[in-house]
Protein chains: 2
Amino acid sequence: MTPPPATSDAVAIELNAVLVALTADQPQVLTLDDGALLPSGPFATEYPTLQSGVRAWVERQTNHPLGYVEQLYTFADRNRPASHGRQRVVSISYLGLTRERLSAGARDPEWRSWYRYFPWEDWRTGPSPLIAQSILPQLAKWGVADGDPASRRERQQRIEMTFGDGLENWNEDLVLQRYELLYEAGLVPEAKARVTDPVPGMPMRHDHRRILATGIARLRAKIKYRPVFFELMPPEFTLLQLQRAVEALAGRPMHKQNFRRLIDLQGLVEPTGASTSEARGRPAKLFRFRREVVLERALAGTKLPLSRPN
Amino acid sequence: MTPPPATSDAVAIELNAVLVALTADQPQVLTLDDGALLPSGPFATEYPTLQSGVRAWVERQTNHPLGYVEQLYTFADRNRPASHGRQRVVSISYLGLTRERLSAGARDPEWRSWYRYFPWEDWRTGPSPLIAQSILPQLAKWGVADGDPASRRERQQRIEMTFGDGLENWNEDLVLQRYELLYEAGLVPEAKARVTDPVPGMPMRHDHRRILATGIARLRAKIKYRPVFFELMPPEFTLLQLQRAVEALAGRPMHKQNFRRLIDLQGLVEPTGASTSEARGRPAKLFRFRREVVLERALAGTKLPLSRPN
DNA sequence: ATAATTAATGCTCCTGTTGAGCATAATGAG
DNA sequence: CTCATTATGCTCAACAGGAGCATTAATTAT
């Protein structure tokens with residue numbers, strides 16, 4: 001085993017951010033260049049830690065505080081298109097949650113629903129019809145387009161495990177695996193120069209859609225055991241608003257009464273005393289998060305009625 | 001928002017590996033320099049991806065295949081002691097699981113039980129007595145040694161949430177949080193030059209014990225929903241051996257019958273037909289993992305009787 | 001041999017959690 | 001006033017998980 005390291009080849013560090021907010025029951029992600037890129041930039045070395053560098057960078061650019069920051073993944077693949085000439089680029093991506101969207105306007109930094117990039121991930125109104133109509137048929141072709149029987153079997157199994165049959169067995173956490181499968185099958189424009197019949201969903205440049213998929217997957221997995229959605233909500237909200245928020249992230253509908261039962265069983269929120277009557281029906285009580293409990297749950301775990309992985 | 005990146009300051013990339021194996025019911029980790037360092041080295045740029053670079057590097061050094069590799073975390077903190085002069089070091093750490101230990105002998109690459117570094121994490125024979133005897137009393141001093149009452153309350157709460165009362169409420173996943181708490185409280189030698197009365201547990205150089213804590217925490221969290229322990233087992237094993245393996249990782253005892261129920265309910269293993277009589281009692285059937293199911297569960301999830309987080 | 005000890009295995013019980021759905025309450029719209 | 005709509009309370013059945021009893025099949029001690 002080699003002794004402790006000397007130096008290695010010089011590389012450049014690039015930061016990528018998946019910034020998430022919730023507006024109008026849609027999970028929004030901050031994009032640049034007409035939706036083709038995630039915000040990214042060089043790592044400013046004046047900051048003591050990566051995390052603080054990311055936070056400062058994002059906050060300076062968006063004028064909004066970042067509620068939550070988490071490292072996603074570090075890529076250093078040679079085939080990254082972003083490499084400049086000979087220099088190797090290491091890209092470190094982060095997931096950030098913020099409470100409100102910044103300046104609206106369709107100008108360049110633009111919030112877009114992540115379901116524009118991954119329309120098949122939205123099962124809030126039931127199984128996404130795209131899957132049965134467009135994705136599965138094309139994947140099926142790819143699944144049999146290999147000489148080796150073992151390889152064919154493996155492809156079938158991957159299709160089955162990630163997309164199910166289009167109606168049952170949907171696991172909302174497998175966002176990245178599904179994107180990677182589509183990529184390998186050559187069904188997304190990023191995969192190769194000319195894709196005959198791409199699956200619906202807006203592409204991004206470089207590997208940014210893959211990074212976005214990583215972020216969505218991480219967030220979907222996270223909300224099941226850490227109350228991070230708290231970072232995305234306004235100070236006061238109704239339980240239905242909270243439910244819609246979680247549903248937007250998870251891309252699945254939830255049972256209303258059970259959702260409420262779990263939320264208050266865990267004591268995550270407390271009524272403010274006020275109530276709203278924004279909509280038609282009976283006015284809803286307003287709630288706020290209980291800071292102590294949220295902090296505690298950040299370690300101890302939360303639960304959501306989202307447990308149908310099988 | 002800045003447009004897509006230009007280059008940034010040059011930095012050096014260093015890889016760190018937490019390599020785990022199981023021997024004699026102990027979770028072993030590969031160390032160098034008399035246990036003071038984790039294996040680390042410069043990133044060899046000839047590999048197309050980071051992952052393949054790590055795999056090749058480790059396999060070349062240990063002559064053993066790496067069953068499973070997972071990225072842990074990327075550090076780029078300025079205060080990293082490993083920085084050489086002005087050059088910034090970015091260290092990317094990986095968790096790797098391997099099936100067997102390499103060349104024994106107490107020579108330099110040496111496997112050591114991770115509980116030598118974190119003795120308080122071993123609750124396999126009940127609550128670790130270190131906590132009540134040594135850790136909690138010292139933490140208590142730190143907990144009240146701050147002028148600000150709010151800060152004191154927060155410290156108390158962190159102690160309570162990570163270490164509990166030393167008997168109940170133990171959450172085995174909080175390895176990193178506990179180490180960080182001890183570090184902040186100045187109870188580990190890494191924290192500062194002279195620690196009056198350090199908590200038991202062998203220190204490491206640089207931030208390697210922190211990286212190890214990250215790896216253990218990740219692995220403990222992982223075994224609860226992905227059957228990764230499969231990478232650590234020999235081809236054939238008894239159910240008790242499997243249980244001891246999981247207990248070694250989780251640092252907790254498990255109910256024997258329930259463990260067996262869960263394992264076979266999930267169909268993770270199948271009997272080989274043979275049986276052993278290594279020990280005194282009734283001979284145990286030998287099992288092997290069912291590859292198809294293990295692969296499937298790698299996506300769909302596993303369960304273990306380890307659900308007492310509260 | 002026989003008894004005691006040690007493991008492996010099979011089963012039962014009890015409890016808490018979770019998915020679903022019924023029923024009732026409180027508003028605004030027509 | 002009636003209906004549509006949303007909020008909220010409650011019940012039920014199925015299931016999963018924690019604990020422990022009982023039985024079986026070996027080895028070791030007397």
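Residue numbering restarts at 1 for every chain, and letters A, B, ... go by the order of the sequence lines.
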Nucleotide N/O to protein N/O under 3.5 Å, stretch nucleotides 7-13 of chain D:
| from | atom 1 | to | atom 2 | distance (Å) |
| --- | --- | --- | --- | --- |
| D/dA7 | OP2 | A/Lys256 | NZ | 2.7 |
| D/dA7 | N3 | A/Arg282 | NH1 | 3.4 |
| D/dT8 | OP1 | A/Lys285 | N | 3.1 |
| D/dT8 | OP2 | A/Arg260 | NH2 | 2.2 |
| D/dT8 | O5' | A/Arg260 | NH2 | 3.4 |
| D/dG9 | O6 | A/Gln257 | NE2 | 3.1 |

Practice prompt. Rounded to the nearest angstrom, tell me the gap between atom CZ in B/Arg252 and atom P in D/dG18.
Written response: 10 Å
Worksheet item: For A/Glu160, which residues count as a salt bridge (charged side-chain N to carboxylate O under 4.0 Å, His left out) partner, sequence neighbours excluded?
Response: none
Worksheet entry | salt bridge (charged side-chain N to carboxylate O under 4.0 Å, His left out) involving A/Arg124 - partner list, sequence neighbours excluded | A/Asp122
Fill in: Side-chain donor/acceptor contact of B/His255 with base of D/dG20 under 3.5 Å
yes
Worksheet item: Could you give the CG-to-P distance, from A/Leu262 to C/dA20, as a whole number of Å?
Response: 13 Å
Practice prompt. Measure from CZ on A/Phe259 to C1' on C/dG21 and round the result to the nearest Å.
Written response: 19 Å
Worksheet item: To the nearest angstrom, how far is A/Tyr225 atom OH from C/dT17 atom P?
Response: 21 Å
Worksheet, complete the sentence: Whole-Å distance, B/Phe237 CZ to C/dA8 P, equals 14 Å
Worksheet item: For the side chain of A/Arg220 and the backbone of A/Leu249, is there at least one donor-acceptor N/O pair under 3.5 Å apart?
Response: yes
Practice prompt. Identify, with sequence neighbours excluded, every residue that meets side chain to side chain donor-acceptor pair (under 3.5 Å) alongside B/Gln257.
Written response: B/His255
Worksheet item: Looking at residues at least two apart in the chain, or sitting in another chain, which of them share a side chain to side chain donor-acceptor pair (under 3.5 Å) with A/Arg260?
Response: none
Worksheet entry | Rounded distance (Å) that lies between atom P of C/dT18 and atom CD1 of A/Ile263 | 12 Å
Discussion item. Using whole Å, what does the distance between atom P of nucleotide D/dG17 and atom CG of B/Leu265 come to?
Written reply: 9 Å
Item to complete: Grab the NZ-P distance between A/Lys224 and C/dT18 for me, whole Å please.
Response: 13 Å
Response to the item:
Here the salt bridge (Lys or Arg N to Asp or Glu O under 4.0 Å) pairs for residues 127-137 of chain B, sequence neighbours left out, are none
